[in-house]
Amino acid sequence: MKKFKVQKTFQEINEKIKKGRAVVVTAEEMIDVVERHGDVEAARRVDVVTTGTFGAMCSSGAFLNFGHTAPRIRASRVWLNDVPAYGGIAAVDCYLGATEVVEGDPQNSVYPGEFNYGGGHVIEDLVSGNVVKLRAEGYGTDCYPSRKFEKNITISDLRDAFLFNPRNAYQNYNCAVNLSDTTIYTYMGILRPRMANVSYSTSGQLSPLFNDPYYRTIGIGTRIFLGGAQGFVAWPGTQHNPNAMRSANGVPKEGAGTLAVIGNLKEMSPEWLTGASILGYGVSLFVGIGIPIPILDEDMARFTAVKDEDICAQVYDYSMDYPKGNPKPVAEVNYRDLRSGTVMIQDKKVIAAPLSSYYKAHQIAELLKGWIEGGKFFLGEPQQNLPSGPFA
Amino acid sequence: MYSKKIVIRYTPEIVQQPVIHLLAQKHNLVFNILKARIFPRREGVIVLELSGEKEDFDRGIRFLKEMGLQVEALSKSVFQNNEKCVHCGACTGFCPTGALSFEIQTQKVLFDPEKCNGCELCVSACPVRAMEINLL
């Protein structure tokens, strides 16, 4: 067991938050604190570092229960604003996925499809308080005789609504280029031919899992900022992979950890849950997530001081290698260079643009900081840690 | 030297006339056609960058209006909807004129309508449809 010079517990930090004495900084500010004072002194001074991310996160959706109707229906098929939701759960429960496209959309038969409306947009409409048309069909049983139900509802008419996203907050992600001779349309956006642009999606040094690379403080039960409300980490996300390639600083150099997150949709807002239309690909949902990281010791101080230039990602060709399913990276780049707007890849100067909002990520980290300083948000100690890789 | 990007909207009656040729010849102006469209009912829109002496420019615009054409600055037809924009910056990778860029301090996406040439690449690149360009 490593001997730390500074040691704090979740309970001690929560006590300080209660008394209004906790020192909270954003992950951006922590870079300066550690540079100026070193990790040990920074760990003494700072109690919590706040992080944030706001990006299009597929693998999001909401469980909705619309309450029993009279006469009762066992809703096998459910639509909200003509977007199909999965009804095979229980009589009036359904799951609305963010990437479900509205029925009747031409999809990619008119290429590239515009995908103007889908599950992500319904979720945005719900949290905006807009009227949404609910439609349900059942086959009729002795206990649930009704076969059809239709009603205009708002989120307040739903008995229960919670966001439950199976895979969010990816710890690092591919950068995408197109080495072919024609424009392609991907979930990483429009990629122009002959590597005319590279797209990436992360808030880098502000991103939650980059600031706790081994998930020492983020686990099942961690309280988080989710869509503007307080939510929780529910489980390791799907495709969670702690054994990814890592740099010497412990930060993964490719897609690695992920989080399944949960929270009350009724408390969320469209500012932090926004529907997305991705040309030629489909629909998705922009999700805002912020995670507070307790500075339990000097290792956590050092981890939370990570900078864009120390975080690397792999560039993949989305025209051939990636879709075929056996991709080899074209290059490795760091986020400082990507964020500058141009990056060198194979001796070519390539225009770089993000799909994730650093501006909103920063706002989330600031909001969360305000909540903690104001005693409105307490740390949730993990009930169980996420699977992690060997500590370098 | 004065230079400005303008939008000219014309009716079906004018479509056969060499309006741009007359404008350049009579008023000593240099033009760069950024976009030209004719719609099914033969009405249309032209986006031009027009350069020359300020006096010539003003006379040229008056000439177009006297011909019965509708003329306005391109910057009036292009618009960043700040209610919708989430400042992801996907558009910044496509904008050929630098009209869309990150404000370094805040990482907010700024739009400078004066630099825009109306190419509309940002419209389809934007996942929340925040760019509104009305060249119809």
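Here is the naming used below: chain letters follow the sequence lines, and residue numbers restart at 1 for every chain. Being a predicted model, the structure only gives us computed values, none of them experimental.
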Go through the side-chain N and O atoms of [X] and [Y] and say whether any donor and acceptor fall under 3.5 Å apart.
X: A:N178; Y: A:T183; value: no
X: A:Y200; Y: A:N172; value: no
X: A:Y173; Y: A:Q314; value: no

Requested in this report: Could you check which of A:T342, A:I278, A:I190 has the highest count of heavy-atom pairs closer than 4.5 Å to chain B?
Outcome: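 Option with the top pair count is A:I190.
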Query raised in the report: Who among A:A361, A:S356, A:G341 has the most heavy-atom pairs with chain B under 4.5 Å?
Result: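 Winner by heavy-atom pair count: A:S356.
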Requested in this report: Pick one of side chain, backbone, both or neither for B:C126, based on which atoms fall under 4.5 Å of a heavy atom in chain A.
Outcome: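 For B:C126, backbone heavy atoms alone lie under 4.5 Å from chain A.
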Which atoms of [X] approach chain B - backbone, side chain, both or neither, heavy atom under 4.5 Å:
X: A:Y185; value: neither
X: A:S277; value: both
X: A:L355; value: both

Query raised in the report: Below 6.0 angstrom between ring centroids: does that apply to A:Y187 and A:Y318?
Result: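 Judged by ring-centre distance (under 6.0 Å), A:Y187 and A:Y318 do meet the cut-off.
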Query raised in the report: Can we call the ring centroids of A:F54 and A:F286 under 6.0 Å apart?
Result: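 Ring-ring flag for A:F54/A:F286: true, centres closer than 6.0 Å.
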